[in-house]
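What follows is a short report on a single structure.
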Amino acid sequence: MAKAEVVIVLSLLLVTTVVDGLGGRMRINDVKKNKEVQELGRFSVEEYNRRSQGRLRFSLANGGPSTALVFSQVVGAEKQVVAGIKYYLEIKAMQGGVTKTFESVVLVKPWVQSKDLLNFSPSTH
């Protein structure tokens with residue numbers, strides 16, 4: 001292969017990789033066995049509880065039930081390469097003795113060892 005042909009082939013491979021790997025969401029298989037995904041789900045619930053602490057104290061002080069969530073498991077996940085990796089998680093958690101489904105979005109930037117909970121809400125599915 002001539003040098004120009006090698007450059008063209010490598011350029012096509014790079015473009016294909018960029019198109020396939022950036023921007024679009026990719027389904028993560030076997031999420032129940034994926035330790036990283038399960039840990040991100042646990043992080044999502046713990047961070048939600050931490051951010052909701054004021055509301056939890058108010059509810060308990062006024063005789064209301066605890067609304068803190070208890071992580072069960074991640075049951076679905078997708079990831080998207082952005083300026084880091086954005087994880088879209090479907091999480092099962094207990095609230096007041098009832099299992100509920102929540103959706104969260106977590107941005108992970110491994111090169112600076114950071115995780116940020118961008119969204120956490122009841123599932124619309």
Side-chain angles (χ1 to χ4, degrees):
M1 225 184 245
K3 189 174 184 178
E5 291 173 326
V6 171
V7 170
I8 291 171
V9 169
L10 290 175
S11 296
L12 288 173
L13 286 172
L14 178 62
V15 168
T16 302
T17 301
V18 169
V19 169
D20 287 344
L22 292 178
R25 289 188 193 185
M26 297 181 304
R27 181 170 209 70
I28 300 172
N29 297 319
D30 294 328
V31 293
K32 292 181 182 180
K33 295 179 184 177
N34 187 316
K35 290 180 183 179
E36 179 184 17
V37 168
Q38 293 300 320
E39 284 303 314
L40 287 172
R42 184 176 306 283
F43 165 79
S44 295
V45 170
E46 289 172 355
E47 184 65 11
Y48 169 80
N49 285 336
R50 187 187 69 74
R51 292 180 185 181
S52 301
Q53 241 174 2
R55 288 183 299 227
L56 293 174
R57 277 194 220 111
F58 178 79
S59 177
L60 290 172
N62 290 307
S66 171
T67 56
L69 299 177
V70 177
F71 175 76
S72 295
Q73 67 179 333
V74 174
V75 295
E78 295 177 329
K79 67 181 178 179
Q80 179 181 25
V81 177
V82 291
I85 303 172
K86 198 181 272 189
Y87 289 88
Y88 298 85
L89 307 175
E90 184 178 350
I91 299 168
K92 296 283 185 186
M94 298 284 289
Q95 186 175 37
V98 178
T99 300
K100 297 182 179 182
T101 305
F102 298 88
E103 296 174 359
S104 80
V105 180
V106 179
L107 178 61
V108 176
K109 294 180 181 177
W111 63 93
V112 291
Q113 299 178 343
S114 77
K115 291 184 278 194
D116 188 23
L117 180 63
L118 303 179
N119 186 49
F120 191 93
S121 60
S123 178
T124 58
H125 297 114

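Residues meeting the side-chain hydrogen bond (donor to acceptor under 3.5 Å, both in side chains) test with E103, sequence neighbours left out: S123, H125.
Pairs passing the ring-ring contact (aromatic ring centres under 6.0 Å, His included) check and including a residue from residues 76-108, sequence neighbours excluded, read F102-F120.
Inspection of the K92 and T101 side chains reveals an N or O donor paired with an N or O acceptor under 3.5 Å. The closest side-chain donor-acceptor pair between Q80 and K86, if any, does not fall under 3.5 angstrom.
A continuous path of Ile, Leu, Val, Met, Phe, Trp and Tyr side chains, each step under 4.5 Å between heavy atoms, connects I85 with V106, placing both in one hydrophobic cluster. There is a path of hydrophobic side-chain contacts, each under 4.5 Å, that joins V82 to L118.
Inter-residue side-chain proximity for V45 and V70 is flagged as unmet; no heavy-atom pair is nearer than 4.5 Å. Annotation: side chain of Q73 is in contact with side chain of Q38 (closest heavy-atom distance under 4.5 Å). Here the side chains of R42 and E46 are in contact, with some heavy-atom distance below 4.5 Å. Residues L89 and S44 are in side-chain contact: their nearest non-hydrogen atoms beyond the backbone lie under 4.5 Å apart. By the 4.5 Å heavy-atom criterion applied to side chains, F71 and M94 are not counted as neighbours.
Considering all non-hydrogen atoms of both residues, L117 and N119 come closest at CD1-O, 3.4 Å. Pairing each heavy atom of S104 with each of I91, the nearest pair is OG-CD1, 3.5 Å. Between V74 and A77, the shortest heavy-atom contact is CG1-CB, 4.4 Å. Closest approach of A93 to L69, counting heavy atoms only: CB-CB, 4.3 Å.
Contact check on E47 versus R51 returns a salt bridge, with a Lys/Arg side-chain nitrogen under 4.0 Å from an Asp/Glu carboxylate oxygen.
A donor-acceptor pair under 3.5 Å links the side-chain atoms of N34 to the main chain of V37, judged by distance alone.
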